[in-house]
Number of protein chains: 2
Amino acid sequence: MERQDLRKAGLKITLPRLKVLEILENSKQRHLSAEDVYKALLEMGEEIGLATVYRVLTQFEGAGLVSRLNIDGGHAVFELDDGDHHDHLFCVNCNRIIEFYDEVIEQRQRAIAESNGFEMTDHSLYIYGVCNREECKKER
Amino acid sequence: MERQDLRKAGLKITLPRLKVLEILENSKQRHLSAEDVYKALLEMGEEIGLATVYRVLTQFEGAGLVSRLNIDGGHAVFELDDGDHHDHLFCVNCNRIIEFYDEVIEQRQRAIAESNGFEMTDHSLYIYGVCNREECKKER
DNA sequence: GCTGTAAATGATAAGGCTTTTCATTTAGTA
DNA sequence: TACTAAATGAAAAGCCTTATCATTTACAGC
Ligand SMILES: [Mn+2]
Ligand SMILES: [Mn+2]
Ligand SMILES: [Zn+2]
Ligand SMILES: [Zn+2]
């Protein structure tokens, strides 16, 4: 992700924006809440407001640089948008997230929208379950 | 839906619970927010607290009488659970909701969960789009 | 039918996450 | 370097939902 991407989106190249990008790119976890990003910045010694983190993430989403997941229970997580759509599998025990893409499902969704006269704009698919970690299987 | 269903769930048969059930069964719209149920009750002249509506809906969900949808943007809607699972298509313009069931998608989901070592507990699939009403197509 | 007791209710406060407000600072141009 | 619009941060406000707790109610047992 480059400075140019910010420019194209009509966004000034500011320190907070660069820092948020840096976190998104370098964090070991790919899916981060606004709070996660905020905490990571504080740990880096950056002085940034939580409101700015929310604003920047929302702007990045609008610019197509980031995508937002709305998890059951209300809070959102963000990830860099590399242009390749995918869906998610959540472990309800340890919150691990696995990404997947299934062309059959994608096609069926398009067909369902069309057969109901809908112009599909988006879709969201989350599969919830218990992953194969020992401590998670134990819980089940 | 019968009083017996409440009994089986270990819930006393109270006026607020019966009234909420009545709204869910008789409303012209099948999918209702807690606020919708609350307003419908007020219009019927029932004196009921919003907190009670939330509590009752959550209890009904736990008892399997009602299912909860988490729509993008954070607020939940409820519908009677007749035992038949289905997913939803939302018009982003007029908020119309269409229900569908697709066995191929259901199977693929199970396969994806399994191939990732997950014991699937649930899934949620929402398709968003613009429906075929004139005023909605115009917006697009 | 009464009574007693645990469950349920309602008003209100509190929570969690996110957005808004607005005075101050900053980026980017001239 | 100076100017101006955009961006920021702290704090308040919003929105939906849940928790608290004093009061009321359902219903089992007399
Ligand atoms: Mn992802
Ligand atoms: Mn439905
Ligand atoms: Zn797990
Ligand atoms: Zn529509």
Side-chain angles (χ1 to χ4, degrees), chain A residues 2-23 31-42 44-63 65-79 95, chain B residues 2-23 31-42 44-63 65-79 95:
Chain A
E2 300 298 328
R3 288 164 160 252
Q4 274 310 110
D5 295 312
L6 294 183
R7 280 256 162 61
K8 279 186 224 157
L11 299 173
K12 284 186 180 175
I13 296 174
T14 63
L15 224 51
R17 286 181 181 143
L18 292 175
K19 291 300 177 185
V20 169
L21 267 187
E22 188 179 333
I23 295 297
H31 304 87
L32 299 165
S33 67
E35 189 77 31
D36 290 336
V37 173
Y38 177 64
K39 283 183 188 159
L41 287 167
L42 291 187
M44 279 176 71
E46 297 298 330
E47 305 233 341
I48 187 172
L50 179 57
T52 299
V53 174
Y54 273 104
R55 260 186 308 238
V56 167
L57 287 171
T58 300
Q59 292 159 342
F60 285 2
E61 184 190 16
L65 304 177
V66 153
S67 48
R68 178 193 305 251
L69 311 187
N70 289 102
I71 306 183
D72 258 28
H75 76 292
V77 299
F78 300 85
E79 65 180 315
N95 298 317
Chain B
E2 301 297 327
R3 288 163 159 251
Q4 274 310 111
D5 294 313
L6 295 182
R7 280 258 161 62
K8 279 185 222 157
L11 300 172
K12 284 186 182 177
I13 296 175
T14 63
L15 224 51
R17 287 181 181 144
L18 292 175
K19 291 301 178 184
V20 169
L21 266 188
E22 187 179 333
I23 295 297
H31 304 87
L32 298 165
S33 68
E35 190 76 31
D36 290 336
V37 173
Y38 177 64
K39 283 183 187 160
L41 287 167
L42 291 187
M44 277 177 71
E46 296 298 329
E47 305 233 342
I48 188 173
L50 180 56
T52 300
V53 173
Y54 274 103
R55 259 188 309 240
V56 167
L57 287 170
T58 300
Q59 291 159 342
F60 284 2
E61 184 189 16
L65 304 177
V66 154
S67 47
R68 177 193 306 250
L69 310 187
N70 289 101
I71 305 183
D72 258 26
H75 76 293
V77 299
F78 300 84
E79 66 180 314
N95 298 315

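Letters go in sequence order (proteins before strands), and every chain restarts at 1.
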Please lay out, stage by stage, how B:Glu35 and B:Leu50 fare under the test side-chain contact (heavy atoms from CB on, under 4.5 Å). CA-CA 7 Å; B:Glu35 190 76 31; B:Leu50 180 56; 4.0 Å; yes
Let me see the working for B:Val20 and B:Phe60 under side-chain contact (heavy atoms from CB on, under 4.5 Å), right down to the final yes or no. CA-CA 10 Å; B:Val20 169; B:Phe60 284 2; 4.1 Å; yes
Verdict with supporting geometry, B:His31 and B:Asp36, side-chain contact (heavy atoms from CB on, under 4.5 Å): CA-CA 9 Å; B:His31 304 87; B:Asp36 290 336; over 6 Å; no
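Between the C1' atom of C:dT18 and the CG atom of A:Leu69 lies a distance of 17 Å, rounded to the nearest Å. Here the P atom of nucleotide C:dA7 and the CZ atom of B:Arg17 are 11 Å apart, to the nearest Å. Rounding to whole angstrom units, NZ of residue B:Lys12 and C1' of D:dT24 are separated by 11 Å. Counting to the nearest Å, the P atom of D:dA6 and the CG atom of A:Leu6 are 17 Å from each other. One interatomic measurement links the two molecules: CG of A:Leu15 to C1' of C:dG28, which rounds to 15 Å at whole-angstrom precision. Following rounding to the nearest Å, A:Glu47 (CD) and C:dT26 (C1') show an atom-to-atom distance of 16 Å. When rounded to the nearest whole Å, the span between OH of A:Tyr38 and P of D:dA11 equals 10 Å. One atom, CG of A:Leu32, and another, P of C:dC17, lie 15 Å apart when rounded to the nearest Å.
The side chain to side chain donor-acceptor pair (under 3.5 Å) search around A:Ser67 returns none, not counting sequence neighbours.
Residue whose closest nucleotide on DNA chain D sits further toward the 5' end, between B:Thr14 and A:Gly10: A:Gly10.
A:Arg55 and A:Thr52 form a side-chain donor-acceptor contact under 3.5 Å, judged by distance and modelled atom types alone.
Under a 3.5 Å cut-off, the side chain of B:Arg17 and the backbone N or O of B:Val56 do not form any donor-acceptor pair.
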Atom pairs under 3.5 Å: protein N/O with N/O of nucleotides 16-19 of chain D:
unit_1: D:dT17; atom_1: OP1; unit_2: B:Ala76; atom_2: N; d: 2.9
unit_1: D:dT17; atom_1: OP2; unit_2: B:Tyr54; atom_2: OH; d: 2.6

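Proximity note for B:Pro16 (side chain, C-beta onward) versus D:dT8, C:dG10, D:dG9: the nearest is C:dG10.
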